[in-house]
Novice: 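Got a structure for you, questions after.
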Amino acid sequence: MTAKVRRIRKAVLPVAGLGTRFLPATKAMPKEMLNVVDRPVIQHVVDEARAAGIEHFVFVTGRNKGVIEDHFDISFELNATLEARGNKAAELKELNDDLLAAGQTSFTRQQSPLGLGHAVWCAREIVGDEPFALLLPDMLHHGATPCLADMMDAYNEHGGNHIAVSPVPDNMTHKYGIVGVADATAKVSQITGMVEKPPQGTAPSNLHITGRYILQPEIFDLLENQERGAGGEIQLTDSMVTMADDPTQPFYAVRFDGEIYDCGSKLGFLTANIAYALDRDDLAADLKAEIAKLI
Ligand code: G1P
């Protein structure tokens with residue numbers, strides 16, 4: 001049965017993180033602007049959200065992140081130069097397709113690095129009283145269908161709150177938020193428990209929270225009073241656990257069947273570059289030949 005649900009129009013993208021795992025590359029440049037093939041990581045994530053019908057993008061930024069705002073703005077100088085050179089219609093179209101339109105973006109600052117829960121809370125006034133999507137830009141989801149679009153389908157059917165999950169090896173569960181589900185084989189299943197970074201050997205399953213969420217706005221009230229949790233940070237997962245106690249706030253896990261690359265880590269970032277390039281007709285054959293030479 002299809003529940004009556006409120007449309008998801010807005011996405012929150014927390015981009016205030018310092019990128020310490022990627023120093024010195026991220027000393028002066030935001031980690032979200034690191035390049036995967038020929039687009040910054042953040043562009044790939046915005047494209048995923050657009051493919052799911054998102055209309056407004058709320059960036060929770062910090063110091064040194066101004067270039068993200070510039071990236072989504074028109075560059076008149078670049079457009080004029082390309083036009084003057086002639087025959088650049090394809091490049092111009094590509095540049096303009098990547099833009100977000102006037103009024104489609106909001107930027108707010110997380111002034112102190114107090115954790116993901118705090119970053120999301122910083123978006124409360126801009127999101128207002130409506131359900132929203134949340135995408136953690138470090139995590140590139142690479143699959144047959146965009147992850148958030150799959151989640152929208154599940155949301156339109158069930159309503160409530162949705163979290164994308166995927167299995168990790170048992171010795172990795174302590175690095176993530178982990179959920180327990182009613183049916184571990186189903187594409188969409190009701191969540192029975194959640195815990196942020198459980199000590200090794202205590203996880204309720206091996207399904208990790210991959211960084212894509214659809215949340216009801218009541219989460220903001222809980223985040224406002226959330227005490228610090230794992231790692232001394234204000235954790236989103238802790239507020240979700242409290243919210244799930246309310247029977248009017250069901251939580252569903254949506255399994256993502258593609259690959260996930262953590263672009264905040266060196267290995268994840270390098271692998272993402274290869275995987276995304278191998279998808280490209282203009283690069284795949286030559287890249288394969290080069291890789292074969294290297295290894
Ligand atoms: C955050 C979330 C965690 C999730 C992870 C995915 O953790 O708190 O539940 O599994 O993102 O990347 P962080 O990576 O910020 O430590």
Side-chain angles (χ1 to χ4, degrees), residues 11 13-52 65 67-68 71 94 98 116 133-151 163-179 187 197 200 203 205-213 253-295:
L13 299 111
V15 292
L18 296 174
T20 48
R21 288 187 293 166
F22 231 126
L23 285 168
T26 49
K27 187 177 167 204
M29 184 168 72
K31 61 178 172 168
E32 297 80 10
M33 290 302 293
L34 293 173
N35 188 54
V36 171
V37 185
D38 54 7
R39 287 191 161 63
V41 168
I42 189 73
Q43 181 79 55
H44 290 279
V45 178
V46 163
D47 289 348
E48 179 191 334
R50 279 209 286 210
K65 302 281 183 165
V67 63
I68 296 176
H71 174 75
E94 208 170 333
D98 284 354
L116 175 61
L134 167 66
L135 300 99
L136 308 191
D138 277 350
M139 306 296 268
L140 283 189
H141 288 55
H142 189 228
T145 52
C147 180
L148 190 62
D150 265 2
M151 296 174 72
I163 300 176
V165 301
S166 116
V168 285
D170 288 341
N171 63 358
M172 296 285 281
T173 50
H174 65 291
K175 291 176 179 275
Y176 298 101
I178 301 291
V179 305
K187 171 80 182 169
K197 304 196 175 73
Q200 260 178 344
S205 81
N206 68 344
L207 290 175
H208 85 296
I209 296 174
T210 69
R212 300 289 183 272
Y213 311 75
V254 182
R255 270 181 87 111
F256 178 66
D257 292 322
E259 296 295 323
I260 297 168
Y261 303 107
D262 178 358
C263 288
S265 84
K266 288 165 199 163
L267 191 61
F269 173 76
L270 292 170
T271 315
N273 263 289
I274 295 170
Y276 278 70
L278 289 176
D279 268 356
R280 292 262 300 249
D281 292 342
D282 58 332
L283 291 169
D286 291 346
L287 180 61
K288 272 187 202 159
E290 291 298 328
I291 293 172
K293 273 195 253 166
L294 285 172
I295 57 179

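This structure is a prediction, so every number in the text was calculated from the model and none was measured. The analysis underlying the following values was restricted to heavy atoms, covering all of them including side chains, and did not include hydrogens, waters or symmetry mates.
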Novice: To the nearest 0.5 Å, how far apart are NE2 in H174 and CE in M172?
Specialist: 7.5 Å
Novice: How close do V41 and P137 get, counting heavy atoms only, and between which atoms?
Specialist: CG1-O, 3.2 Å
Novice: If I take atom NZ from residue K187 and atom CG from residue D257, how far apart are they, to the nearest 0.5 angstrom?
Specialist: 4.5 Å
Novice: Please find the pair of heavy atoms, one from F269 and one from L34, that lie closest to each other, and give the distance.
Specialist: CE1-CB, 3.7 Å
Novice: Suppose the criterion is ring-ring contact (aromatic ring centres under 6.0 Å, His included): which pairs have a residue in residues 23-52, not counting sequence neighbours?
Specialist: H44-Y276
Novice: Is any side-chain N of the basic residue among D150 and R255 closer than 4.0 Å to the acidic one's carboxylate O?
Specialist: no
Novice: Quick check: closest heavy atoms across I178 and S205, and the distance to 0.1 Å?
Specialist: CG2-O, 3.3 Å
Novice: Is P167 close to H208 at the side-chain level, that is, under 4.5 Å between some pair of heavy atoms?
Specialist: no
Novice: Using 0.5 Å steps for rounding, measure from the CG atom of L287 to the CD1 atom of I274.
Specialist: 6.5 Å
Novice: Minimum heavy-atom separation for L136 to R212, with atom names?
Specialist: O-NH1, 3.1 Å
Novice: Mind listing the closest non-hydrogen atom pair of V37 and R280 along with its distance?
Specialist: CG1-NH1, 3.7 Å
Novice: Rounded to the nearest 0.5 Å, what separates atom OG in S166 from atom NE2 in H141?
Specialist: 7.0 Å
Novice: For V36 and C263, which heavy atoms make the closest approach, and how far apart are they?
Specialist: CG2-SG, 4.3 Å
Novice: Would a 4.5 Å heavy-atom cut-off, applied to side chains only, mark I209 and Y176 as touching?
Specialist: no
Novice: So, taking the atom named OG1 in T173 and the one named CG in N206, what distance separates them when rounded to the nearest 0.5 Å?
Specialist: 8.0 Å
Novice: I need the S265 OG to L270 CG distance, nearest 0.5 Å.
Specialist: 8.5 Å
Novice: Please tell me if the side chains of V45 and D47 come closer than 4.5 Å, counting only heavy atoms from C-beta onward.
Specialist: no
Novice: Would you say the side chain of M33 lies within less than 4.5 Å of the side chain of H71, judging by non-hydrogen atoms?
Specialist: yes
Novice: Run the side-chain donor-acceptor check on residues 13-27: report pairs under 3.5 Å with partners two or more places apart or on a different chain.
Specialist:
residue : atom : partner : partner atom : Å
R21     : NH1  : D262    : OD2          : 3.1
R21     : NH2  : D262    : OD1          : 3.3
R21     : NH2  : D262    : OD2          : 3.3
T26     : OG1  : G19     : O            : 2.7
T26     : OG1  : F22     : O            : 3.4

Novice: With D279, which residues qualify under side chain to side chain contact (heavy atoms under 4.5 Å, CB included), at least two apart?
Specialist: H142
